[in-house]
Amino acid sequence: MLVLLKSTYPPSAVKELIEHFMSPKTPPRSPVAKEVASFAYGDRDGYHGLLILEVEDAKFADFIKAQTARSAYLQSRVMGLQVEVIPGHSVMDAIALVSKQLG
């Protein structure tokens, strides 16, 4: 399974976010998640970080527990930080899944 982590934060929070992101006190990213790609950009809504992770289906619950702890830690310390966890599939896997239902 693929997971998209999307973080959004105001420009005023950049320094604080970097400090907490790099801190050894911050709960680590789940060891069951493998980074596939990352992308950062800014727009009128602030700055955004997109991270695509690959997580084994059988270990998804372990990933969610670790990510919830990490997100809660960071969001409680960085004003305006929002984190979304979006599970999904690659385009080819999604086509294979829905093709079975088309009739």
Side-chain angles (χ1 to χ4, degrees):
M1 167 173 287
L2 295 177
V3 177
L4 174 65
L5 290 182
K6 180 182 179 186
S7 59
T8 301
Y9 46 95
S12 59
V14 171
K15 182 179 178 189
E16 192 174 19
L17 179 63
I18 291 170
E19 288 172 0
H20 286 293
F21 186 80
M22 303 298 286
S23 172
K25 294 179 182 179
T26 301
R29 184 182 300 157
S30 173
V32 302
K34 177 186 167 201
E35 184 175 327
V36 175
S38 62
F39 185 75
Y41 68 98
D43 64 14
R44 63 190 153 108
D45 295 323
Y47 291 117
H48 309 274
L50 303 176
L51 185 62
I52 298 176
L53 303 170
E54 188 170 22
V55 179
E56 290 180 41
D57 291 353
K59 297 185 178 182
F60 185 71
D62 293 334
F63 164 77
I64 288 295
K65 288 176 187 174
Q67 184 58 48
T68 299
R70 182 174 173 85
S71 294
Y73 182 90
L74 288 168
Q75 287 177 288
S76 68
R77 286 162 175 79
V78 179
M79 184 63 73
L81 174 63
Q82 299 172 27
V83 179
E84 295 178 67
V85 179
I86 306 164
H89 307 281
S90 70
V91 171
M92 294 309 293
D93 286 348
I95 289 171
L97 286 168
V98 296
S99 291
K100 295 175 187 176
Q101 306 307 317
L102 304 175

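Both backbone and side-chain heavy atoms feed into the values below; hydrogens, waters and symmetry mates do not. Please read all numbers here as calculations on a predicted model, not as lab measurements.
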Inset, instruction - Return the set of residues passing side-chain hydrogen bond (donor to acceptor under 3.5 Å, both in side chains) with D43 (not counting sequence neighbours), or none when no residue passes. - result: H48
Legend entry - From CG (L53) to CG (L5), nearest 0.5 Å: 5.0 Å
List, one per line, each side-chain donor-acceptor pair under 3.5 Å for residues 13-29, sequence neighbours excluded.
| unit_1 | atom_1 | unit_2 | atom_2 | d |
| --- | --- | --- | --- | --- |
| S23 | OG | K25 | N | 3.0 |
| T26 | OG1 | H20 | O | 2.4 |
| R29 | NH1 | E35 | OE1 | 3.2 |

Legend entry - side-chain contact (heavy atoms from CB on, under 4.5 Å) against F39, all qualifying residues, sequence neighbours excluded: Y41, L50
Legend entry - All side-chain hydrogen bond (donor to acceptor under 3.5 Å, both in side chains) counterparts of S7, not counting sequence neighbours: none
Under 3.5 Å, side-chain donor or acceptor atoms of residues 72-90 against the rest of the protein: list the pairs with distances, not counting sequence neighbours.
| unit_1 | atom_1 | unit_2 | atom_2 | d |
| --- | --- | --- | --- | --- |
| Q75 | NE2 | L81 | O | 3.3 |
| S76 | OG | A72 | O | 3.0 |
| S76 | OG | Y73 | O | 2.9 |
| R77 | NH1 | Y73 | O | 3.1 |
| S90 | OG | D93 | N | 3.1 |
| S90 | OG | D93 | OD2 | 3.4 |

Side-chain donor-acceptor pairs of residues 59-68 under 3.5 Å, sequence neighbours excluded:
| unit_1 | atom_1 | unit_2 | atom_2 | d |
| --- | --- | --- | --- | --- |
| Q67 | NE2 | S71 | OG | 2.9 |
| T68 | OG1 | I64 | O | 2.7 |

Legend entry - Same cluster (ILVMFWY, side-chain, under 4.5 Å), V32 and L51: yes
Inset, instruction - Report whether L2 and V55 are members of the same hydrophobic cluster (ILVMFWY, side-chain heavy atoms less than 4.5 Å apart, transitive linking). - result: no
Inset, instruction - Using the rule that two of Ile, Leu, Val, Met, Phe, Trp, Tyr join whenever any of their side-chain heavy atoms come within less than 4.5 Å, decide whether V36 and M1 are in one cluster. - result: no
